[in-house]
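Because the structure is predicted, anything quoted here is derived from the model rather than measured. By convention in this document, chain letters (A, B, ...) are assigned in the order of the sequence lines, proteins followed by strands, and residues within each chain are numbered from 1.
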Protein chains: 2
Amino acid sequence: MKRFTIGRTAKAAGVNVETVRFYERRGLIEQPARPAGGRPREYDSGTVARIRFIRQAQDIGFSLREITELLSLRADPGADCADVRARAIEKREEVSARLERLSRMRDALDLLIARCPGGGDLRCCTILEAMEGNAGAGDSASFGTATTARKGKSEMKTTTMTIKGMHCDGCARTVEALLDRVPGVRKAEASFDAHQARVLHDQAEAPEADLVAAVAKGGFEAAVERP
Amino acid sequence: MKRFTIGRTAKAAGVNVETVRFYERRGLIEQPARPAGGRPREYDSGTVARIRFIRQAQDIGFSLREITELLSLRADPGADCADVRARAIEKREEVSARLERLSRMRDALDLLIARCPGGGDLRCCTILEAMEGNAGAGDSASFGTATTARKGKSEMKTTTMTIKGMHCDGCARTVEALLDRVPGVRKAEASFDAHQARVLHDQAEAPEADLVAAVAKGGFEAAVERP
DNA sequence: CTTGACTCCGTACCTTGGTACGGAGCGCAC
DNA sequence: GTGCGCTCCGTACCAAGGTACGGAGTCAAG
C-alpha cells in the first residue's frame, strides 16, 4: 500500500492538512504511529478513502458525530455481529428519514421552479410568494409600492405602447405588473397576442417616458404608439 | 395594519424573541423605529411574513446569507425573476446531488445489513467497503475547483458556449442569470434558438471552467466552442 | 551550510445560527 | 407603591466544524 505524508494525503482527499489533524483529534481517523527518528508519519490510501467518505457523508448532512458512528460499523473479528447489524439498521432508518426530508425539499423547490414564469418582474415571482408561506396568509405586502395618492391636478390619459420581448401571457402579466407599479398609473392591460399594452395614467405624475422605463426594467422594449 | 410587540411577533412567526433580534442584527429584517416616550417598538404583519419566509427558505436549504440575498432581490425593483429562479434551480441541483449520494449510502447500508446476519463473513462489513462494493456511479469528484486565489491582470474575453438542455426562452434567461452571478463575468447572453451563450468575462477571475460549472449548477450542459 | 518545503504540535481564532443573562425601564393590576 | 410581565440593549456564551499562527524539527537541493 502506498504511503503518503500528511500533506499529500490531505491533497488527495481534497481537504487541508489542518483538517486531517482535526479529524485525528476527533477520532474520525487514526493517527499513524510516528516512525522512529523523528521522521513524518505515514498515511495510506485507506485514510484518503476514509476522509473522502467523511466529506461525502457531511455533504449529505451527517454531523461528524454521526459519521463516527457510521464508520464504527464494522465487524471486528469477535465483535458481536448482531450489534453491528442493529446499529446498521438504526442508521438505515436515519438515512431514510433524511432522504425523505431532502426529497421533500426538492419537491418544494421543484414546485417553486415550475410555477415561476422564469423571467420578468418580481411582483409575479411565485417563488418568493410561496416562500412567504402559510397559505398566502393575506397581506404579504411588504414589497413597498406605497401607492401614495398624490394630489395636484391630474390629467388622465390612455397610452398605447408596442412591446417587444413578450414570449407568452405570463410576460404580458409581468408588463402589467411593471406598469401598475409606476406611481400615477391607474390601470394597465397588456396583450401578448397584440404585442401591446394600454395604460391609463396621469400624464403629470407618470409621463410616458416613465412607462417605457418601467417596462424596460423587466427586459422588454416599449415604444409609444402615436395614432 | 396590525401592530405587534416583539414578543407577539416572535410568537406569531414561531421563533423566539432573541431570534427576531438576531435577524435584525443580521439585517434580515428591519428594526422598526422606536416610538417616542420609550414605548416598545411596533412590528407589523409584514415582519411576521418575512420571518416566516426566512424559516421556510432555511428549511429548503438556504443559508441566512443566501436568504439575505433573496430578500434584497425582492426589495430591488429592477431585479429579475430569472435570477431568483436561477438560485432556486441551483439549490435544487445541490439537493438532488445530495439525494443521490444519500440514496447510495442507503444502498450501502442495505448491503451491509444483508451481509452481516450470519456473523460469518467479515469482509465487506464496513460502510466504506460496502459503498465501494456498490459504488458504481463514479462522480464523487465535487471536491476540486478550489477557487484558488487567482491573481494577475484582468484579461477580458468573450467566450461562446454551446448549451444543452434549454427548453425555452425562460431557460435562456436562467442560464444568463447563472452566468451573471459568476464573479468576473461582465455580460452574459444566452439564446434559446441558437442553443448558445456568449459571455464577456475576465479570464483570470472567471476562467472558462467556472462558467461551465456555473451553468451546470442549473442542470444545463455547457461546452466551450473553439473556433 | 543555508534555504525552502515540509512536518509536528499546541493554542487561538473564525463562522453559522442562534441562546442566555443581566441590568434597566415601562405600564398595569392589585 | 410593589410586583409581574413585558421590552430594550449589550454582552457573553454555545456547538459544530474548521482555519490560522507560531515555534521547532527534519530533509534535500543548491
Between R34(B) and R55(B), who's closer to the 5' end of DNA chain C by nearest nucleotide? R55(B)

Can you confirm whether the side chains of E208(B) and Q203(B) place a donor and an acceptor under 3.5 Å from each other? no

Choose from dG17(C), dC27(D), dT7(D) the nucleotide whose nearest atom is closest to any side-chain atom of I6(B). dT7(D)

Hey, does Q31(A) reach any base, or is it just sugar-phosphate, or nothing, if we go heavy atoms under 4.0 Å? sugar-phosphate

Starting at the 5' end of DNA chain C, which residue's closest nucleotide do you reach first, R41(A) or R25(A)? R41(A)

E18(A) CD to dT7(C) C1': how many Å, rounded? 11 Å

Is I29(A) close to I54(A) at the side-chain level, that is, under 4.5 Å between some pair of heavy atoms? yes

Rounding to an integer number of Å, can you tell me how far K11(A) NZ sits from dT7(C) P? 11 Å

In whole Å, what is the span from the CD atom of E42(A) to the P atom of dT7(C)? 12 Å

Please tell me which of P40(A) and Y43(B) maps to the more 5' nucleotide of DNA chain D, matching each residue to the nucleotide holding its nearest heavy atom. Y43(B)

So what does R21(B) hit on the nucleic acid, given a heavy-atom distance under 4.0 Å: a base, only sugar-phosphate, or nothing? base

OP1 or OP2 of dA16(D) less than 4.0 angstrom from a side-chain nitrogen or oxygen of Q58(A), does that happen here? no

Separation of atom CG in D59(B) from atom C1' in dG17(C), rounded to whole Å: 14 Å

So which heavy atom on L64(B) is nearest to which on Q58(B), and how close? CD2-NE2, 3.7 Å

Contact under 4.0 Å: N16(A) side-chain N or O vs dT19(D) OP1/OP2: yes

Just the rounded figure in Å: distance from C1' of dA15(D) to CG of L64(A). 12 Å

Spacing between R65(A) atom CZ and dA16(D) atom P, to the nearest angstrom: 7 Å

It should be established whether T5(B) places a side-chain nitrogen or oxygen under 4.0 Å from OP1 or OP2 of nucleotide dT7(D). yes

Please check if the side chain of S45(B) supplies one atom and the backbone of V48(B) the other of a donor-acceptor pair under 3.5 Å. no

Between C1' of dG10(C) and CD of E24(A), the distance in whole Å: 14 Å

Send over the distance from R39(A) CZ to dT26(D) P, rounded to a whole Å. 11 Å

Between Y23(B) and dG17(C), is there a side-chain N or O to OP1/OP2 distance below 4.0 Å? no

Verify the contact: side-chain N or O of T19(A) to OP1 or OP2 of dG18(D), cut-off strictly under 4.0 Å; return yes or no. no

Between R106(B) and S96(A), do the side chains contain an N or O donor and an N or O acceptor separated by less than 3.5 Å? yes

